[in-house]
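Below: the structure, in structure tokens.
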Amino acid sequence: MKISKILAVVLVLATLFSMAACGNNAGNNGTPTPTNPEDVVYNELGEAQLLGTFELQIFEGGYGSAAWEYAIAEFQKLHPDLEIIAHLDSNVNAQMKTRWAKNNPPDFVFLEGTNIPTETWMRENKLRDLKPLFETGTVYGTDTLIKDQLKDGLTFEFEDTGKIFQLPIMLSTYGVWYDETLMNQKGWKVPTNYTELQSFCSTAKGAGIDPMIYTGQYSGYAVWGFLMPAVAAAAVESNDLDFFYDVCMASRSDVWSDPRFKDALQKFADLANAGYFDMAGLSMNHINSQVSWLNHEAVLIPNGLWLETEMKDSTPDGFKMRYYPSIMQDADQPNCIIASATGMGIAENAKNPAAAEAFIRFLYTDEISKVFAEKCAVPVATKTDMTDADLTETAKQVNEMINSDDVTLVAKAGTSWGSVDGTVNDVINKIVSKDYTVDQAIDALKKATDKKNG
């Protein structure tokens, strides 16, 4: 059955059972515990049947909707008496804003996309603590603990609460993308460090193509695709990841004048001053800049792993998207991937938390993990073997790169610039437009950090 992307669709008629009788009584595995154990009905996977209504809020963005539609339909088959209402839309977070404000949210929420104040919800305890589920819950229909099914470093306790408000589903990271077909035609090789990048940019510029483009409207793409991997490389090289996290969280104002950060920012400024960025990108949104890149108006673009899925309908025939994680570190520094994960959560005021927990456990099965990897074209949070998964060539290359021994994975989980975020993005644009020197950018970052931490 097709799930509507505009309006919530009821997949199965509501049952006459009340949530008070069954749905709100959850066991360790997120299954209902009826008053009379003899009334429990189990499905073919040995899980107790769920009753009542289960409501989901799922942002449909670059990852598309196909994987979610499949997972919901398969979950429905296992729970035929459960009424599932799926709000799946690109504007769903804005549409649900009032309901969250009135403490009447959906049960399950995909914590992704615009207009979703995840950190605020965590701080205000609008999301349920999933630490017990993470530590003692099992993958649906198995005895495997969820914590053993997930890759390391993708979950985090929020601030000093000791609580885990979101669990990961898909791996998220930025990097640099290029067209392998174009590179082969030109006889070029993708740069793998800053020295190679400088030479490559000079060659591409000489051939009449802008070496790089990024979206000026969302310059965080450039921050995380170009700048921060170089900062991470310096932190790993100096065995000082605290420095990296101090930058990521704007923990102290003097971190911006640290020679390691200043060196990375100076590299970025040198590229800008050499004219290696497509200046038209400064006024573009992410889609327009990506289309420009697909049309070979620039060679390299910083972007997230959702790029292939998001642009599948616009990608020209013969265009071979390929990914490289980091190109601004020195040749003798490690090649770093800054990895986090798209998260999912359960509303604290969920009416059917048992169904929400069961659904999360179901998403962690190997079958559903493979579907997400295939349909979203990104690595997933589980340790599922993808040997026989039907991945696109691009997704295979991304998986191989991320799992390569040649790269160092640095976890981004739980980091945020907070109110400094806008300043970080702004100074990047001002450096490219030559309105700021590196020193002016650092001064602006210091002032914003002092104000945040004041």
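All figures in this text were calculated on a predicted structure; none of them were measured in a lab.
- Heavy-atom neighbours of K383 NZ from other residues, nucleotides or ligands within 6.0 Å: above the threshold of 12.
- A donor-acceptor contact shorter than 3.5 Å links the side chain of T309 to the backbone of C376.
- R99 places a side-chain N or O within 3.5 Å of a backbone atom of N104 that can act as its donor or acceptor partner.
- Surrounding NZ of K262 are at most 12 heavy atoms belonging to other residues, nucleotides or ligands under 6.0 Å away.
- Within the 4.5 Å cutoff, no side-chain heavy atoms of N453 are placed close to those of S253.
- No donor-acceptor contact under 3.5 angstrom links the side chains of T118 and Q166, judged on distance only.
- Under the 3.5 Å distance criterion, the side-chain polar atoms of D278 are matched with a main-chain donor or acceptor of A280.
- The environment of NZ in K147 is sparse: at most 12 heavy-atom neighbours from other residues, nucleotides or ligands sit within 6.0 Å.
- Residue-environment remark: NZ (K97) stays at or below the threshold of 12 foreign heavy atoms within 6.0 Å.
- Neither side chain, D439 nor T437, offers a donor N or O lying under 3.5 Å from an acceptor on the other.
- One N or O on the side chain of T415 and one on the backbone of K412 form a donor-acceptor pair closer than 3.5 Å.
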So F165 and W121, side-chain contact (heavy atoms from CB on, under 4.5 Å) or not? Walk me through it.
CA-CA 9 Å; F165 288 117; W121 288 350; over 6 Å; no
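- If you check the side chains of E367 and Y140, you find no donor sitting under 3.5 Å from an acceptor.
- Using modelled atom types, no side-chain atom of S90 and backbone atom of E60 make a donor-acceptor pair closer than 3.5 Å.
- Under a cut-off of 6.0 angstrom, the local environment of CG in N239 is sparse, with at most 12 non-hydrogen atoms contributed by other residues, nucleotides or ligands.
- For Y221 and W177, the distance between ring centers is not under 6.0 angstrom.
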Check against side-chain contact (heavy atoms from CB on, under 4.5 Å), N103 and K126:
CA-CA 8 Å; N103 294 320; K126 287 185 178 292; 3.1 Å; yes
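- By the 4.0 Å N-to-carboxylate-O rule, E159 lies close enough to R123 to be salt-bridged with it.
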Atom pairs and distances, side-chain donor-acceptor, residues 342-350, under 3.5 Å, sequence neighbours left out:
unit_1: T342; atom_1: OG1; unit_2: M170; atom_2: N; d: 3.2
unit_1: T342; atom_1: OG1; unit_2: M170; atom_2: O; d: 3.2

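- With a 4.5 Å cut-off on side-chain heavy atoms, V255 and T449 do not count as touching.
- Inspection of the N184 and E180 side chains reveals no N or O donor paired with an N or O acceptor under 3.5 Å.
- Looking at V223 and Y174, their side chains never come closer than 4.5 Å, going by heavy atoms from C-beta outward.
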- With side-chain contact (heavy atoms from CB on, under 4.5 Å) as the test, would you mind laying out the steps for L127 and L111 before giving the verdict? CA-CA 11 Å; L127 294 172; L111 296 165; 4.1 Å; yes
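- Taking the centre of each ring, F200 and W188 come in below the 6.0 Å mark.
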Would R252 and D254 satisfy salt bridge (Lys or Arg N to Asp or Glu O under 4.0 Å), going step by step from the backbone distance to the final call?
CA-CA 6 Å; R252 50 189 175 87; D254 63 343; 2.9 Å; yes
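- Each of Y364, W68, Y63 was evaluated against F372; a single residue qualifies, W68, per the ring-ring contact (aromatic ring centres under 6.0 Å, His included) test.
- Remark: side-chain polar atoms of Q329 are paired, donor with acceptor, to backbone N or O of T192 under 3.5 angstrom.
- Summarising the local packing, NZ of K320 is surrounded by 12 or fewer heavy atoms from other residues, nucleotides or ligands at distances under 6.0 Å.
- The closest side-chain donor-acceptor pair between N399 and Y323, if any, does not fall under 3.5 angstrom.
- Distance alone, capped at 3.5 Å, is enough to place a donor-acceptor pair between the S289 side chain and the H286 backbone.
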Task: Check against side-chain contact (heavy atoms from CB on, under 4.5 Å), I116 and F59 - done: CA-CA 9 Å; I116 190 159; F59 169 77; over 6 Å; no
Donor-acceptor pairs are to be reported for all side-chain atoms of residues 226-237 against protein atoms at under 3.5 Å, with residues two or more places apart or in another chain.
unit_1: E237; atom_1: OE1; unit_2: Q333; atom_2: NE2; d: 2.9

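- For the residue pair Y436 / D426, no side-chain donor-acceptor distance below 3.5 Å is found, with atom types taken as modelled.
- Side-chain atoms of F319 and T181, non-hydrogen and from C-beta on, never get closer than 4.5 Å to each other.
- Between the side chain of W417 and the main chain of V247, a donor-acceptor pair closer than 3.5 Å is present.
- In this structure, T423 contributes its side chain and L445 its backbone to no donor-acceptor pair below 3.5 Å.
- Taking CG from D258 and CG from D240, the interatomic distance works out to 8.0 Å, rounded to the nearest 0.5 Å.
- At a threshold of 4.5 Å between non-hydrogen side-chain atoms, the residues P316 and L294 count as touching.
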